[in-house]
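Please read the structure below before turning to the comments.
Below, chains carry the letters A, B, ... as their sequence lines are ordered, and counting in each starts from 1. Here the structure is a predicted model, which is why all the values come from computation and not from measurement. Values reported hereafter were calculated over all heavy atoms of this structure, with side chains retained and with hydrogens, waters and symmetry mates removed.
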Protein chains: 4
Amino acid sequence: MVAGMSSHPPLPPPSRTGRPRSVEAHAAILRATRAALVDLGWSKLTMGDVASRAGVAKTTLYRRWANKSELVVDAVAVLFDELRLPDRGSLMADVEGVVLQFAALLDRPEAKTALMAVVAESTRDEALRKRIRSAIVDRQKCLVLLGRERAQARGELPYEDDPAQAARNADLIFDIIAGAVVHRALVSAEPVDREWAHSFSLLLVNGLTSGVASESES
Amino acid sequence: MVAGMSSHPPLPPPSRTGRPRSVEAHAAILRATRAALVDLGWSKLTMGDVASRAGVAKTTLYRRWANKSELVVDAVAVLFDELRLPDRGSLMADVEGVVLQFAALLDRPEAKTALMAVVAESTRDEALRKRIRSAIVDRQKCLVLLGRERAQARGELPYEDDPAQAARNADLIFDIIAGAVVHRALVSAEPVDREWAHSFSLLLVNGLTSGVASESES
Amino acid sequence: MVAGMSSHPPLPPPSRTGRPRSVEAHAAILRATRAALVDLGWSKLTMGDVASRAGVAKTTLYRRWANKSELVVDAVAVLFDELRLPDRGSLMADVEGVVLQFAALLDRPEAKTALMAVVAESTRDEALRKRIRSAIVDRQKCLVLLGRERAQARGELPYEDDPAQAARNADLIFDIIAGAVVHRALVSAEPVDREWAHSFSLLLVNGLTSGVASESES
Amino acid sequence: MVAGMSSHPPLPPPSRTGRPRSVEAHAAILRATRAALVDLGWSKLTMGDVASRAGVAKTTLYRRWANKSELVVDAVAVLFDELRLPDRGSLMADVEGVVLQFAALLDRPEAKTALMAVVAESTRDEALRKRIRSAIVDRQKCLVLLGRERAQARGELPYEDDPAQAARNADLIFDIIAGAVVHRALVSAEPVDREWAHSFSLLLVNGLTSGVASESES
DNA sequence: CACTAAACGAGACGGTACGTCTGGTCTTCCC
DNA sequence: GGGAAGACCAGACGTACCGTCTCGTTTAGTG
């Protein structure tokens, strides 16, 4: 599930006939998109500029992505392929690890300017929301799930019997971690450094391990 | 401190001479901006449309705001004037209260579509970042500070001696609360209902009250 | 020499590549420009209005003409393609003929409102001056040259040995004829009718002191 | 400066009579208009620029002139006050004189750019046409009438019995002279120098067929 | 090997919004 | 009570980008 399946779907009908779509063009476009994000930021990035950076016609872009938002989602999604969570031996250390991983990603200028923008766009675009979820959010959530499994194996966290409750719980933790990091980095615009990661993790783990988080109410 | 003084600065030089700027126009523009956000969303909102909704010339907009982002920040900022935090008797209940307040705000379509967008824009615009902080973020943070004071008065939380550490701590809590709510509402696109607020508050308060959150390291 | 070749140059680089410029659009724009001149006059004519009359985007106008003046020159230039000078048998009659031809042209509302305006504009725009010369003035001057040739063939006028002097002479006569007609029609705003044309021609051919200028006819 | 005291700057007398400022403002505006015409030309001249050059509010301009065209007519009209026609002793010489007078006027950049423009504007504005006639055209026509009187007094031209015919005749001559000079200067954009004035006058006085039009001089 | 179907680059197309500028009008305060 | 200062509305300006389209040209696989 965490396997590096990064075959994005914009090559859907591998038509038997006709000239096949250029693979180099595909890669060049995504590369050019990231470069344009770094140079120009989301709002000043234009399809024409991406095309000319990639040495490609605008037509070629629109043959593969419906609009700027979807292109950018795919372009930054590959950054999330790098996410790994080495086992650091404790829940606390693993949380710190995942926080710093997220933070490092958000520190890259192409991610910083693009992520919030596409999310903002997705509030009015269901298709985009789905694409973001599958290309970005799910990749992040894997790390949270992985961390929980490890903590449960270590005995730091109990196993949850109700799978629905387990899912809700994971979602909550994911929203807390990702939300806090994003808010710190982009809204407060303060660095997510080792100290902050430590304080945050301490607070989160203490809350998690008090064992009452999974109670439910009507 | 929480008093609702919302005189935003785009009337900076109250020039002695010439015709003064219309106050009704100012209000009409902000109202029209929110209406346009509801109808069109951030990305489809145009200055011309706002102007005509407000019964005002485009010139009048540009005389007061440098661009769409700054206008929208001011337009949604007034929503945050409504934030209040009634004393519910316990830290846990107060956190739930603030979470639901934030969530109610984010549920309004004009806020939903605008907030992430202006934050995204602010990653490349220092002036905008400042405007967001003073017009929006600081208003929210007041609630967190108020909640902590109450909890300390009740004896639920210890007083912090080092003021710098106290400030860091408040910032951390604020990033967690605001970040989690925003992430849940906009990225995960799931409802911030009473149940979620309860689970979140439980987790946070357990973490907070374990008393070790304020330790520092080099 | 008088042949009605009216291929104006705004299609200069017949580029091998890319989508070719639409010929129908070209014609529709010039037609729409003349219609707008008739309805609105020079000063109220706008590029946007021309575009929408022609069923064309503003971009398409600006891709072909640098500004309103150049567009209008091309639009009215085609009117001058209709100029013909049938041989009426005598210098005097031919002058009357050319005068009435010019006058008929200036009577058209699209020409009336546009010609002076573009000439006024050309006093500060060298490129426009050249365009007017090639698109309009040269077309008119042909008639003067043709009339002189006929008069020389008839023996009414001597052949000029010095070609430079011949050119100067033709220019002088052209300035007199065109200038008088334009001044009568637009500055004095009086009709250039058959009677005026007769008086003018008589004066031009015979001079002030011949004493025949003041004869009248029915 | 010698007779010291507190030298009140440019507003010399605290006059008790009505409007000391008004008259100089009037002159300053016309002066500023001509300066703006020289610097910017007709089409780029703006009321705001004229006002600020004249040290006057836009309101003051519009209180006195209905629009830009009327202002410019008045501004250039004063140039025509300088027109004089010294008696040079012969019809031919007087024609040359008037031609060179007109030409000198048209050579001034403020006149060159403005005259055609207001005439163009007047094709759709009856009030403007009247203002041009009384402020400019009539001033010029006086010279033609004066020249004819002198020629008649000298016996070079006959007296005309029919006053209507006399008027028509003067109009014709005026259109020829003014038209030719304007066309030469602005449309052909060639200099109206002594040589051209001579050739023109010769032709006008003697006619095309007199065969003397093509003589040349140094 | 020719044929065909699709992708390719180039660039023009209709639209739409931008942010600025100007024309004229209106308020407000000062002299 | 005239005048400067400047805000106001209306709307054109010329530019930029969007996403689509029409070209003529590759570049495969298929017949």
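- Atom CG in A:L61 sits about 15 Å away from atom P in F:dC17, given to the nearest Å.
- Taken residue by residue, residues 35-55 of chain A places heavy atoms nearer than 4.0 Å to DNA chain F at A:L45, A:T46, A:M47, A:G48.
- If you take NE2 of C:H26 and P of E:dA12, they are 14 Å apart, rounded to a whole angstrom.
- Between the side chain of A:N67 and the backbone N or O of A:E70 there is at least one donor-acceptor pair closer than 3.5 Å.
- If you take CZ on D:R133 and OG on D:S122, they are separated by 9.5 Å, rounding to the nearest 0.5 Å.
- Across the protein-nucleic acid pair, B:R21 atom CZ and E:dC29 atom P stand 16 Å apart, rounded to whole Å.
- Between C:D74 and the choices C:R131, C:R64, C:R31, C:K68, the salt bridge (charged side-chain N to carboxylate O under 4.0 Å, His left out) rule is met once, by C:R131.
- Within the structure, salt bridge (Lys or Arg N to Asp or Glu O under 4.0 Å) contacts touching residues 111-121 of chain A (residues at least two apart or in different chains) are A:D107-A:K112.
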Problem set entry | Under 4.0 Å protein heavy-atom contacts per nucleotide of nucleotides 25-31 of chain F, with B for base, S for backbone only and - for none | -BB-S--
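- Judged by distance alone with a 3.5 Å cut-off, a donor-acceptor contact links the side chain of D:T59 to the base of F:dA5.
- Along DNA chain F, the nucleotide closest to C:N67 and the one closest to B:A57 are compared, and the more 5′ of them pairs with B:A57.
- In this entry the distance linking NZ of C:K58 with P of E:dG15 reads 13 Å, nearest Å.
- Contacts of A:S22 with the nucleic acid, taken as non-hydrogen atoms under 4.0 Å apart, involve only primed sugar atoms and P, OP1 or OP2.
- Nucleic acid contact class of D:K68 (heavy atoms, under 4.0 Å, all strands): sugar-phosphate only.
- Between C:R63 and F:dG14, a side-chain N or O to OP1/OP2 separation shorter than 4.0 Å is absent.
- A:D39 pairs by the side-chain contact (heavy atoms from CB on, under 4.5 Å) definition with A:R53, not counting sequence neighbours.
- To the nearest 0.5 Å, the span separating CG on A:L37 from OG1 on A:T33 amounts to 7.0 Å.
- Between B:L61 atom CG and B:I29 atom CD1 the span is 4.5 Å, to the nearest 0.5 Å.
- Scored by the salt bridge (charged side-chain N to carboxylate O under 4.0 Å, His left out) test, A:E126 finds A:R129 as partners (sequence neighbours excluded).
- Between C:L71 atom CG and F:dA12 atom C1' there is a gap of 15 Å when expressed in whole angstrom units.
- Qualifying side chain to side chain donor-acceptor pair (under 3.5 Å) partners for C:R34, counting only residues two or more places apart in sequence or in other chains: none.
- Annotation: of the two residues near DNA chain E, D:A66 and C:V56, the 5′-most nearest-nucleotide partner is C:V56.
- Two residues, C:A25 and A:T60, neighbour DNA chain E, and the one matched to the more 5' nucleotide by heavy-atom proximity is A:T60.
- Under a 3.5 Å cut-off, the side chain of A:T113 and the backbone N or O of A:E110 do not form any donor-acceptor pair.
- Regarding C:R64, its CZ atom lies at a distance of 8 Å from the C1' atom of E:dA12, rounded to whole Å.
- B:Y62 places its OH atom 8 Å from the C1' atom of E:dA17, with the value rounded to the nearest Å.
- Nucleotide F:dG19 holds its P atom 11 Å from the CD atom of A:E70, rounded to whole Å.
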